[in-house]
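Presented below is the structure to which this report refers.
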Amino acid sequence: MENEKGAELCELARAGDVGGITSLIDAGYDVTYFDENGLTPLMHAAKLGHSEIIRKLLEAGAPWNALSPSGLSAGDFAMDNGQQHAFDVLLNAGVQAELVLGTIARREKVNDHPNGCYLEDRVSFSEDKLMDSESKAIMMAWEKPLMEAHAKAVCSRGGHILNIGFGMGLVDTAIQQYDPVSHTIVEAHPEVYDRMLKNGWGEKKNVKILLGRWQDVLPQLGSYDGIFFDTYGEYYEDLREFHQHLPKLLKPGGIYSFFNGLCGDNAFFHVVYCNLVSLELENLGYATQLIPLPVKDCLAEPVWEGVRQKYWQLDTYYLPVCQNNDDE
């Protein structure tokens, strides 16, 4: 009987029958139902652009972030089928839900290991990647063009530059090309730090290296004209916490950017988090521009050989450039 009720919801969602859907919701039908194809009523409504039904289902508790067997959410179905209004309704619901609940961030935290474990872990270096002991990539060479673009952004005003997270040194190598007045690097992993010193980073005239978690070295930091943030083994909550310190760390008119790997395995969730972080930075007084960079050509299948999971699966990377709202 429950399957029949759920199937009826899906049928009315496809048909765009607002009155029928409303009646079934009032009768207590299960809005979280998945049909034989693994699709929810919300996904069916999203594919066909039935925005009013989407609203009704969301209000009744339909999960905006439920995934089909192929890993698509209702927002992905709206996006893929060109249903802009339905997409906007789902995007707003996703942003509001994440502001309150942070469900995706928490899901990722459960599925990953905490920063403390990573810092006690052994890492391995090769020409094209830096890996942890579980064969998860910390940083990879395909990111080089992105890091060069980040460096160009944060160095656009010259002066004093701060980078949180050295990794393979891709962004710091790019930053050095702009010959900043000072270049402060915070690196938390002792093995990465030792390799930095071995490669001569401690001898560069304008470079200052701080070993430790950014949370622990904050008292040693000054104020900067450009800041880049890219850590490993941390979560959205850590990024959000770092943003609370921007008013003290970033000079007026300065440029801030971060590695935008948020939900890099799902197109709709990524858009939700791009909007979420932009909104939260706006509340702190910063305007965020997201610059689209195509990355599909960088990500041929051999790139991921030996890597346990692909941390990026999208065709476009959105590079964030953040600045005080009062500045141009």
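What you see is a predicted model, and the numbers here were worked out from it, not measured in a lab.
With a 6.0 Å cutoff to the six-membered ring centre and a 45° limit on the axis angle, Lys204 counts as a cation-pi contact of Trp201.
Remark: Trp304 engages no residue in a side-chain hydrogen bond (donor to acceptor under 3.5 Å, both in side chains) (not counting sequence neighbours). Here Leu91 pairs with Phe87, Val95, Phe268, Val271, Val272, Asn275 under the side-chain contact (heavy atoms from CB on, under 4.5 Å) rule; sequence neighbours left out.
Between Trp142 and Leu299, the closest side-chain pair of non-hydrogen atoms falls below 4.5 Å. Taking 4.5 Å as the limit, some side-chain heavy atom of Val186 sits within range of a side-chain heavy atom of Leu221. Side-chain contact between Leu281 and Leu246: present, with at least one pair of heavy atoms (C-beta onward) separated by less than 4.5 Å. Side-chain contact between Ile227 and Ile161 is absent, with no heavy atoms from C-beta onward closer than 4.5 Å. In this structure the side chain of Leu249 reaches within 4.5 angstrom of the side chain of Leu218, judged on heavy atoms. Contact annotation: the side chain of Ser73 never approaches that of Asn65 to less than 4.5 Å [non-hydrogen atoms, C-beta and beyond]. Put simply, the side chain of Leu197 reaches to within 4.5 Å of the side chain of Ile209, judged on heavy atoms. Between Tyr33 and Val31, every side-chain heavy-atom pair lies at or beyond the 4.5 Å cut-off.
When atom types are taken as modelled, the side chain of Asp238 and the backbone of Tyr235 share a donor-acceptor pair closer than 3.5 angstrom. No donor-acceptor pair closer than 3.5 Å links the side chain of Asp35 to the backbone N or O of Gly6. For the pair Asn81 (side chain) and Gln83 (backbone), a donor-acceptor distance under 3.5 Å is absent. A donor-acceptor pair under 3.5 Å links the side-chain atoms of Gln323 to the main chain of Gly253, judged by distance alone. Under the 3.5 Å distance criterion, the side-chain polar atoms of Thr40 are matched with a main-chain donor or acceptor of Met43. Put simply, the side chain of Asn206 gets close to the backbone of Pro180: a donor and an acceptor are under 3.5 Å apart. Between the side chain of Trp312 and the main chain of Leu314, a donor-acceptor pair closer than 3.5 Å is present.
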* Assess whether side-chain contact (heavy atoms from CB on, under 4.5 Å) is satisfied between Asp76 and Asn266, documenting all intermediate values. => CA-CA 8 Å; Asp76 292 300; Asn266 180 282; 3.1 Å; yes

* To do: Show the numbers, then the answer: is there a side-chain contact (heavy atoms from CB on, under 4.5 Å) between Asp265 and Tyr311?
  => CA-CA 6 Å; Asp265 60 348; Tyr311 60 86; over 6 Å; no

* Given side-chain contact (heavy atoms from CB on, under 4.5 Å), test Asp216 with Trp214 step by step and report yes or no. => CA-CA 5 Å; Asp216 299 328; Trp214 64 264; over 6 Å; no

* Verify side-chain contact (heavy atoms from CB on, under 4.5 Å) between Val207 and Gln176, making sure each step is shown before the conclusion. => CA-CA 9 Å; Val207 169; Gln176 278 292 294; 3.5 Å; yes

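Grouping Ile, Leu, Val, Met, Phe, Trp and Tyr residues whose side-chain heavy atoms lie under 4.5 Å apart, directly or via other members, places Leu290 in a hydrophobic cluster with Tyr318. If you chain together ILVMFWY residues whose side-chain heavy atoms come under 4.5 Å of each other, Val181 ends up in a group of its own.
Considering all non-hydrogen atoms of both residues, Ala149 and Leu293 come closest at CB-CD1, 3.9 Å. Across every non-hydrogen atom of Pro292 and Thr316, the tightest pair is CB-CG2, 3.8 Å. Nearest approach of Ser156 to Ile255, heavy atoms of both residues: OG-CG1, 3.7 Å. Of all heavy-atom pairs between Pro41 and Leu9, the closest is CG-CB, 3.9 Å.
Ring-centre distance between Tyr273 and Tyr236: below the 6.0 Å cut-off. The distance between the ring centers of His150 and Phe258 does not fall below 6.0 angstrom. Aromatic pair Tyr317/Phe259: centroids less than 6.0 angstrom apart.
The line from NE2 of His243 to CG of Leu250 is 10.5 Å long, rounded to the nearest 0.5 Å. Rounded to the nearest 0.5 angstrom, Leu279 CG and Thr288 OG1 are separated by 10.0 Å. Atom-to-atom distance recorded for Leu210:CG and Gln220:CD is 5.0 Å, nearest 0.5 angstrom. For the atom pair Ser257 OG and Ile291 CD1, the distance stands at 8.0 Å (nearest 0.5 Å). From Ile185, atom CD1 reaches atom CG of Leu162 across 9.5 Å, with rounding to the nearest 0.5 Å. Rounding to the nearest 0.5 Å gives a distance of 5.0 Å between CD of Glu8 and CG of Leu24.
Remark: Arg308 does not engage Asp132 in a salt bridge, criterion side-chain N to carboxylate O under 4.0 Å. Remark: Asp225 engages Lys251 in a salt bridge, criterion side-chain N to carboxylate O under 4.0 Å. Here Glu191 does not pair with Arg195 in a salt bridge; the nearest charged N to carboxylate O distance is not below 4.0 Å.
The environment of CD in Glu148 is crowded: more than 12 heavy-atom neighbours from other residues, nucleotides or ligands sit within 6.0 Å.
Met139 pairs with exactly one of Lys129, Met147, Lys144 by the side-chain contact (heavy atoms from CB on, under 4.5 Å) rule, that one being Met147.
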Run the side-chain donor-acceptor check on residues 47-61: report pairs under 3.5 Å with partners two or more places apart or on a different chain.
residue : atom : partner : partner atom : Å
His50   : NE2  : Arg14   : O            : 3.1
Ser51   : OG   : His85   : ND1          : 2.8
Ser51   : OG   : Ala86   : N            : 3.4
Glu52   : OE1  : Arg55   : NH1          : 3.4

Would you tabulate the side-chain donor-acceptor contacts of residues 164-172 under 3.5 Å, counting partners in other chains and residues two or more places apart, or write 'none'?
residue : atom : partner : partner atom : Å
Asp172  : OD1  : Asn163  : ND2          : 3.2
Asp172  : OD1  : His183  : NE2          : 2.6
Asp172  : OD2  : Asn163  : ND2          : 2.7

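A donor and an acceptor atom, one from each side chain of Glu234 and Gln215, are located under 3.5 Å apart.
Linking Ile, Leu, Val, Met, Phe, Trp and Tyr residues whenever their side-chain heavy atoms come within less than 4.5 Å leaves Phe229 and Tyr178 in two separate clusters. Phe34 and Leu39 fall within a single hydrophobic cluster, where Ile, Leu, Val, Met, Phe, Trp and Tyr are joined by side-chain heavy atoms under 4.5 Å apart, directly or via other members. Residues Leu72 and Leu90 are members of separate hydrophobic clusters, defined by side-chain heavy-atom contacts under 4.5 angstrom among Ile, Leu, Val, Met, Phe, Trp and Tyr. Both Met131 and Val123 are members of a single hydrophobic cluster when ILVMFWY side chains are connected at heavy-atom separations under 4.5 Å. In the hydrophobic clustering of this structure, Phe77 does not group with Leu67; members are Ile, Leu, Val, Met, Phe, Trp, Tyr whose side-chain heavy atoms approach within less than 4.5 Å, directly or through other members.
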